[in-house]
Every structure is written in structure tokens, then in C-alpha cells.
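Below is one structure, written out as C-alpha cells; comments come after it.
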Amino acid sequence: MRRAIALRGRCAVALAGGQTPRPVYHRLAEEYGRSLPWSRIHLFWGDERYVPLDDPQSNYGMVRQTLLDRIPLPEENVHPMPTHISPPEEAARMYERTLRSFFGDAGSTFDLVLLGVGADGHTASLFPGSSALRERAHWVIATQAPVEPRMRLSLTLLAINAADQVMFLVSGAEKRPAMRMLLDDPQRARTLYPAAMVRPRGSVVWFVDRAALAESGYCLE
Ligand code: 6PG
């Protein structure tokens, strides 16, 4: 984030939802709540469940609780997906307008995108076999998940792969099969797992816990 601010005067981050990032956001607030130039940082979401922002399943609500309520980030720098707008397709179009007016026409998007990986290899709300994976025009789509809550808003691969850097946060033994193929056979993984289709302009960094990586024979830093 500091590098992006030095380069561009600001940092735009798309946050992951789910459970894995909770301790990361908590620690970010604890350890950097006072030292990061939060007025230069803008927070977006990589995906959202199509529920009210105060719903217990909301990714925004999770970030509000673990991070936003504990850092001096100006409210105008917080850009939640507009799940109060219906239908969901209109909410996706509205968020896309927000992104395009923020990033302009440079063709690039976020400085950093945080993503999780599901046991089925999904990432954000891009699930295996979904037509959303073939989206080549829009940055944000409304899409159906195979699990509750089914209706989602999600960045597309087009938006994610226009980012500078991606960091995957992966935890739990249920991710082991997907992680094994992602790391051992990325070619084949790319045909199956949306997480393997993530190829941003810059680097991809994997943060994987021992439970999700065991028996893969990878060096654990
Ligand atoms: C969501 C997330 C989703 C999540 C993975 C991993 O809205 O649920 O965006 O893509 O990152 O499902 O979830 P866990 O971190 O809870 O295992």
C-alpha cells in the first residue's frame, strides 16, 4: 500500500470476503491503524452477497466489524457494493460506474486485490463453470452462487486481472485438493478453477496456512 501511495498518491484495494481474511483485517487495524496514511487509501470489495449491508452474511459488515470501525479511514474512501439497489444487475452496473469513474480509462484497476479460494477453487464470487468467467466487457456482474446466499455481486476476471497485484489468503484443510492442483498443475487448474484464472498485470502472492498446504511438499515460510 505504501508503494502504491508513493507511486500514485493513493492506494485502491479490493477486499476479500468470507472468514479467512478476518484476522488479517483485525491485525491490519491493530498494527497499522495509526501508521498507515488512511486518507490516501480507498477500500472496495471483490465480491458481495446480495444482502443488506447490516446482514450477518455481508462481506461489508465483516470488514466494518474487523477493520473499518477501528481505523481513521474517511467514509468517502469506503466503497461498498450497493446491495440496496435492485435488481442486482442494476447494482452491478452502478458499482461498475463507480469503479470506472475512480480508475478512469487507463485500463488498469486496483493496486491490490485480496482474494480467497473456496474448496471448489472459486474466488470472489466466480464459481467453476459459471458463464461469468467468460465476461469480457464488464468489470462487475450479478451472478448466482451454488451455495447460500445465492445472489452475489462480483468483480469479473477482467477487473481482477487489470489489477497490479493479487494476494490470495487461503486457510483450511478443505482447500488442500484445490491448492494441490493450483500449485502442482496450474495448466490443468486453469481449466477447472476460477482462482487459477487470476493473472494480474503484476504479481500473485499466495498466503496459505499449513492445513491447506500439507503434503504438497512446499517450503513453508
Ligand atoms: C465470499 C468470498 C469467497 C471466499 C471463499 C473462501 O463472499 O464468501 O468472497 O470467495 O473468499 O469462499 O471463503 P473462506 O475464507 O471463508 O474459506
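Note that ligands are numbered from 1 as they come in the structure, with each ligand's atoms numbered from 1 the same way. All residue numbers refer to positions in the sequence shown, counting from 1. Just so it is clear, the values below take in all heavy atoms, side chains as well, and ignore hydrogens, waters and symmetry mates.
- Residue-ligand proximity: Lys175 is placed with a non-hydrogen atom under 4.0 Å from ligand 1.
- In terms of protein heavy-atom proximity, atom 8 (O) of ligand 1 is closest to Arg49 NH2, 2.8 Å.
- If you check which protein heavy atom lies closest to atom 5 (C) of ligand 1, you get His122 NE2, 3.4 Å.
- Residue-level proximity to ligand 1 for Ala124 is carried by the backbone, the only part with a heavy atom below 4.0 angstrom.
- By the 30° and 60° cut-offs, the orientation of the rings of Phe103 relative to Phe110 is perpendicular.
- Of the protein's non-hydrogen atoms, Val117 O, 3.5 Å is the one closest to atom 6 (C) of ligand 1.
- Salt bridge annotation for Arg64-Glu75: present, with a cationic side-chain nitrogen under 4.0 angstrom from a carboxylate oxygen.
- Against a heavy-atom cut-off of under 4.0 Å, Gly18 is close to the following atoms of ligand 1: 1 (C), 2 (C), 8 (O), 16 (O).
- Between Thr20 and ligand 1, at least one N/O pair is under 3.5 Å apart.
- Below 30°, between 30° and 60°, or above 60°: for His79 and His42 the angle between ring planes is below 30°, a parallel geometry.
- With hydrogens and angles ignored, the 3.5 Å screen pairs no side-chain donor or acceptor of Glu174 with any backbone N or O of Ala119.
- Using 4.0 Å as the threshold, Val170 has no heavy atom nearer than that to any atom of ligand 1.
- No salt bridge links Asp55 with Arg49; every basic N to acidic carboxylate O contact stays at or beyond 4.0 Å.
- Contacts between Asp47 and ligand 1, counted as non-hydrogen atom pairs separated by less than 4.0 Å, involve the side chain only.
- Residue-environment remark: CZ (Arg3) stays at or below the threshold of 12 foreign heavy atoms within 6.0 Å.
- A salt bridge is absent between Glu89 and Arg93: the closest approach of a Lys/Arg side-chain nitrogen to an acidic carboxylate oxygen does not fall below 4.0 angstrom.
- The proximity of Leu169 to ligand 1, defined as any non-hydrogen pair under 4.0 Å, does not occur for either the backbone or the side chain.
- For ligand 1 and Asn59, the ligand atoms under 4.0 Å from any heavy atom of the residue are 1 (C), 7 (O).
- Protein heavy atom nearest atom 11 (O) of ligand 1, with residue, atom name and distance: Gly116 CA, 3.4 Å.
- A salt bridge links Arg10 with Asp111: the distance from a Lys NZ or Arg NE/NH1/NH2 to an Asp or Glu carboxylate oxygen falls below 4.0 Å.
- In terms of polar-atom proximity, Thr123 is not counted as a contact of ligand 1, lacking any N or O under 3.5 Å from an N or O of the ligand.
- Between Trp45 and Tyr60, the angle of the ring planes lies from 30° to 60°, which puts this pair in the tilted group.
- The shortest N or O to N or O distance between Ser171 and ligand 1 is not under 3.5 Å.
- Closest heavy-atom approach to atom 16 (O) of ligand 1 among the candidates Arg152, Glu174, Met62, Gln19: Gln19.
- Among Leu115, Leu99, Asn161, the one residue that satisfies the side chain to side chain contact (heavy atoms under 4.5 Å, CB included) test with Leu155 is Leu99.
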